[in-house]
Structure formats: structure tokens, C-alpha cells
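Some notes on the structure that comes next.
Just so we're on the same page: letters track the sequence lines, and every chain starts at 1.
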Amino acid sequence: MNKKKYYITTPIYYINDVPHIGHAYTTIAADIMARYKRICDYEVFFLTGTDEHGQKVEQAASKQGITPRELADRMVYGFIDLWKKLNISNTGFIRTTEERHRKVVQYIFKKVFEKGDIYLGEYEDWYCIPCESYFTEFQLKDGKCPDCLRTPDRLKEESYFFRLSDYTERLLEYLESHKDFIMPEIRYNEVTSFVRGGLRDLSVSRTSFQWGIKVPMNERHVVYVWFDALTNYLTGIGYLEDDEHFQSFWPCDVHLIGKDILRFHAVYWPCFLMSMDIEPPRHIFAHGWWTIEGQKMSKSLGNVVDPHEIVETYGVDEFRFFLFREVPFGLDGDFSKNAIVGRINGDLANDFGNLVSRTVTMVNKFLKGKIERPKKKNGIDENFEIETKKYVDEYKKSMDAFGFYKALQSCFDMISIMNRYIDSEAPWRLHRDGDERLSTVMYNLWNGLRILAVLFYPFMPEKSQKIWDAIGIKSSVDKASLEDEENFYYTEEISEITKIAPIFPRIEG
RNA sequence: GGCGGUGUAGCUCAGUUGGUCAGAGCAUGCGGCUCAUAUCCGCAGUGUCCGGGGUUCAAGUCCCUGCACCGCCA
């Protein structure tokens, strides 16, 4: 009833594009965190969705001879289907074209306007249509758009402005008193130095196209896409619609984003919220980019990785695992065939999978498939339990700080001590000698595997369940509570442990 | 041009406040076990810790400077 609440979001993805590895990365990260918080007994609201307004969508639709709405309805399934395939456990999905969202955006726009933080003015600068951005003379590269190198147009339009400049000091104070507001630290520094330079008022409406949410007091204007898009984080948990639900989850615990959209989230968004007297989110975490086989991913190079293909080739959990095992979350990384095969064979098949395999086989062979209450313990066994506890603690500490890479490292440290424990205790010898310590050793290994499966669960939910099945646990791992599972215990509530096929098969070739 | 970051074994990188800090993983070589997905365990390396100067009893670890690469901003 009074469960702790956790609210996590991904960006809403622009439907102009089909989903690629970058979209998958952010969304899987959010899913990992959401699943982790759930086994930590939180009630989690996990929101993702699609951004469906803007000039690019309008133009793409007209090119195809359909309405923007039809285009959106078609493209949104690219995301919905992929999230299903990747086992994304989101509890909310928002499309900016929904009626509930239109209401919220217009309500907020009006309220901020009435407060005096939005005013009507005129904007003139160089405008790049494909990028939907204005640039100053200085920003242009040889007179071309600095992002896409196309020729921008000189545009002058009547526009509503948000008094961002009035928020420079307040935002700086907020940053100063919330050192972990923007993560990782390097991103915090970038934002801070940007804000220190002073903020300029921000144009928050457009008249150059139609496909968007109308400015409530002036139908000729469409609300700026970012003002529209960012507001999804409020709409998605019931702002205006279900105040109780909204209040119980806000402030949002974390907005997970790619580093390219940092400024919108770390500067504009908190200021919009301040203007509304709504608390800013607790954290904004900006992650890095993936290159493909050492090269920047781009449509022109034709090396855009389709997540569907990876999943079909390597498996969902293998893919999810790789992304967070290979590179510290927050930094850039490289996706290559060699790297993922190396991780699957080295980490999953050899170290982890083989550990499961040898343990299960020994329980089956030496103990007739039954885990037994330990009869005899010594210092080595006690030490094994203490070590396990230590790694679980490290894991939790890392996970709470978005340190997925470190958390996985703790898992593999634990795998390593388990493999060494088998070697030093040599259960086959205990069995041969009829030593009753055998039950203790196998009991410890069983406990280790059971806990490992829980620790890996946020990353590899299906494989974790398979491991629980393999070691005879009848309940489902996604209902587990880490607090209950992190301790060693004995139970008779397990089914017979029998020979299994490898959970992580090696990839040959 | 301004601000910030990075440069450590063949590769990818860890290295809190200066004193077992010269490390881990992968790759390589040798040895061991046999429960296991020929998996696992143990051992062995190699390094001008980017260059130069300085502070200190003591510096990858602090200061100055040069070079290279990267990010944010103008």
C-alpha cells in the first residue's frame, strides 16, 4: 500500500526514424533500472513513448501522400514491437498526439503565459528546416548548418518566448545544491558551464508549419516541439487527469537520455517546471553513443544496426547483457561482432553458463538431484558466504548509482570465487570419499547460483528464470525480492534437479 | 577563441585525499583438475604510467609547460 515509488523515463522517440541500437540502448537501460527497483520492492512507473509532432513529420507525410497522423500511426509500431521483443517492462506509453497530452501542453503554456513567463515577440535568424533549429551567424559553418551542412534560410517569424533568461540564477543555485542532478559528472560540468554563460530567452512557438499542438491563445502558432515533448513526462503519469497518481510519483527519479539531448532536459525542462512551481526531476542521466565496428553509425554509411537482427542472431538477453557489460554506462562504446561473441563465449558460456552447468550436474549426479541441509561447515564455507554477501552489497551500491558496468563486474567476481570454490573443494572427491561435507559445498553453490540469477535478473530476465528453473526453484524470479533472496537459506520447496542443456550455448566459428 | 576531459602492459581499461600503484580482463605461453558448454583452476611475463621541467624524504597520483586526441560552448 505504502510501497516506495520509483518513476523512470526514456525520451519519447521521434517517429521520423525507425528504431536503432541507440533507441534500444536507452530503453533497455531504463528497463534494467525498473526491474532492479522492482526486486528492491519499489512500485515502479516506467514511461516511454513517441514524439510525433513537428515539421519533419509533416513533410515526410506529405511526401508519402498521407496525413501526419497516418504516418505516426504506422511508425509507432516500429517502437512498440521492438520493446516487446526486447522484453521492455514499461508501465506507460505516451504518444504526443494523444488528446490527454494536448490538454496538458495547452494548459501549461497558458499558465506560464498568464504568469508572464511567456511573451509574444519576434524571432529572426538562420533556420535549418531538416534540423528544425535556428542558428546564429557564429554557429554556422561556412554559412551552412553546423549539424547537417545544408544551406539554412534566413527566417523571421512572430514567436512566443519563454523568459529563460530570468531563470539563470535559479537554475545555477539548483545545480549548486544538487550535485547529482545531472549525471555523469562530466555532463554536470558541461551544463553548469553553459548556464554560467547566461541563458537567452527561448522561442517556444512556430508559425512555419502546422503539425503540432496549437498555442491556446493564438491558433496561428504551434507549440515548439521541445516544449511539447518534454511535457510528456507530466502527462504520462496523469498530470491534470489523476492528481493523486501524479503526486505519488513526482518528482521523477530519473530521466534517462542520450547525451545529444542533454541541454533540453537539463536546462530548458527544469526551468519550465520552476515556472510552473513543479519540482525538477531528481536525476538526469545522459549516456554515450555506440559506434559500429569502430565507425560512426550513419544512414549514409549504411551501417545502422537493426536491433531485431541482433536479437535474432545472438538472443535478447545476450544483447541486453552485452550493452552494459562491454562499456561503463555513460561512456561511448563500440559494437562489433567480435566483441559481442567474445562476451557471450567468454563471460556467459565459459564462466557463468559452465558454472551453472557443472553445479547442476553435480547435484544431479552426487546428490540424486536434491539439495540437502548442510551437515558440516568449516571456515572455507563460512568465508564463501561472507564473500557472497560482500559482492551483493557492492552490486546494490553500483546499481543505485546507475553503475551497471560495475554491478556486472561484482557478479563476475562472484562467479569467479564460485568457480575457485569448486576447484578447491573438489566435490567429486568428497563424493568419492563419502565425505558428508559434500552437502555443504553443494548447498553453498546452489545458494550462490540462486542469488546470481536474481542479480542478473534486471539484465537478463529470461535467462535468470531458466537458471531458477534449472536449480529447482518453482516460483518466478520476477516476483522475487532481493532482500529475501540475498541470504543463504535451505528449503525443501524445490523440485528435483536434473541434467540441463547449456543455458548460454557457445557461438562457434 | 573560452571551458572541460583524455593520453598507464599487444588490445580495452582500473588506479580514492601523493608513500606494496605498477594493476584487472582479453589475447599469448606453460602446468593442474576432470564435475562441467575442450569448459574451470594455477603460474609466467613484457610496461620511458604521452614528452619536458618543478615541488617533496617520496609523484601515474600535486604545480608549470609542450604535443596528440575528444566533448561542450562562442
Side-chain angles (χ1 to χ4, degrees), chain A residues 125 135-141 146-147 182 184-200 258-264 266-267 286-289 291 294 296 318 322 325-328 330-336 338-367 369 394 397-398 403 405-406 408-413 415-433 438 441-442 445-446 449 463 466-467 470 497 499-508:
Chain A
D125 227 325
F135 297 100
T136 62
E137 192 76 40
F138 284 110
Q139 287 173 300
L140 297 181
K141 267 188 189 157
D147 288 343
I182 314 294
E185 201 183 344
I186 181 172
R187 267 42 281 187
Y188 175 93
N189 293 338
E190 275 176 19
V191 169
T192 309
S193 98
F194 175 77
V195 180
R196 279 217 188 91
L199 300 172
R200 292 190 310 173
K259 61 183 182 180
D260 54 323
I261 53 176
L262 179 61
R263 199 201 307 169
F264 305 105
V267 179
H287 67 244
W289 285 130
T291 52
K296 207 170 162 185
E318 285 86 346
F322 172 79
R325 169 67 170 158
E326 182 71 2
V327 174
L331 302 185
D332 291 348
D334 183 55
F335 184 93
S336 71
N338 273 349
I340 190 168
V341 170
R343 287 299 178 186
I344 290 172
N345 284 347
D347 291 341
L348 295 180
N350 295 353
D351 290 344
F352 188 31
N354 183 54
L355 172 65
V356 175
S357 185
R358 64 201 304 212
T359 304
V360 163
T361 305
M362 287 191 284
V363 174
N364 183 41
K365 274 190 182 172
F366 302 156
L367 296 174
E394 280 178 8
K397 206 178 279 178
S398 300
Y405 179 82
K406 279 182 82 175
L408 285 172
Q409 188 53 52
S410 297
C411 293
F412 279 91
D413 287 344
I415 287 167
S416 175
I417 64 158
M418 287 176 71
N419 272 321
R420 289 203 298 261
Y421 179 71
I422 293 181
D423 231 59
S424 71
E425 303 318 297
W428 50 92
R429 203 173 303 138
L430 299 175
H431 175 252
R432 187 194 61 200
D433 299 344
L438 177 64
V441 172
M442 295 319 297
L445 290 170
W446 180 84
L449 284 188
K463 297 294 188 181
K466 277 194 171 178
I467 290 165
I497 295 169
K499 179 91 183 138
I500 51 158
I503 288 173
F504 298 102
R506 280 183 68 85
I507 296 172
E508 304 296 347

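Looking at residues two or more places apart in sequence or on another chain, you find no side-chain contact (heavy atoms from CB on, under 4.5 Å) involving A/Lys397. With sequence neighbours excluded, the residues satisfying side chain to side chain donor-acceptor pair (under 3.5 Å) with A/Ser410 are A/Glu394. The ring-ring contact (aromatic ring centres under 6.0 Å, His included) check on A/Phe352 picks up A/Phe456, A/Phe504, with sequence neighbours excluded. With sequence neighbours excluded, the residues satisfying side chain to side chain donor-acceptor pair (under 3.5 Å) with A/Asp332 are A/Lys259. Here A/Ser416 pairs with A/Arg420 under the side chain to side chain donor-acceptor pair (under 3.5 Å) rule; sequence neighbours left out. Taking A/Asp260 as the reference, nothing meets the side chain to side chain donor-acceptor pair (under 3.5 Å) condition, with sequence neighbours excluded. Applying the ring-ring contact (aromatic ring centres under 6.0 Å, His included) test to A/Phe366 and every residue at least two apart in sequence or in another chain returns A/His431.
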Side-chain donor-acceptor contacts of residues 185-198 of chain A below 3.5 Å, not counting sequence neighbours, with atom names and distances?
from: A/Arg187; atom 1: NH2; to: A/Glu190; atom 2: OE2; distance (Å): 3.0
from: A/Tyr188; atom 1: OH; to: A/Leu175; atom 2: O; distance (Å): 2.6
from: A/Thr192; atom 1: OG1; to: A/Tyr188; atom 2: O; distance (Å): 2.7
from: A/Ser193; atom 1: OG; to: A/Glu190; atom 2: O; distance (Å): 3.4

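For the pair A/Phe412 CZ and B/C26 P, the interatomic distance rounds to 11 Å; values are reported in whole Å. The separation between A/Asp347 atom CG and B/G25 atom C1' is 9 Å, rounded to whole Å.
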Protein-proximity profile, nucleotides 32-37 of chain B, B/S/- by nucleotide at the 4.0 Å heavy-atom cutoff, equals -SSBBB
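Base orientation at B/G60 is syn, since its O4'-C1' glycosidic dihedral falls within 90° of 0.
Taking atom P in both B/G45 and B/U37, one finds a spacing of 34 Å when rounded to whole Å. Look at the P atom in both B/A38 and B/G71: the space between them is 44 Å, to the nearest Å.
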Under 3.5 Å between N/O atoms: give me all the protein pairs with nucleotides 70-72 of chain B, atom names plus distance.
from: B/G71; atom 1: O2'; to: A/Arg187; atom 2: NH2; distance (Å): 3.3
from: B/G71; atom 1: O2'; to: A/Glu190; atom 2: OE2; distance (Å): 2.7

For nucleotides 11-17 of chain B, print each protein N/O atom paired with a nucleotide N/O atom at under 3.5 Å, atom names and distance only.
none

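With both pairing distances under 3.5 Å, B/U6 is matched to B/A68 as a Watson-Crick or G-U wobble pair.
Taking each heavy atom of A/Asp334 and A/Glu326 in turn, the nearest pair found is O-CG, 4.5 Å. Residues A/Ala470 and A/Ile497 share a closest heavy-atom pair of O-CG2, 3.6 Å.
Note on residues 351-361 of chain A: no pairs pass salt bridge (Lys or Arg N to Asp or Glu O under 4.0 Å), not counting sequence neighbours.
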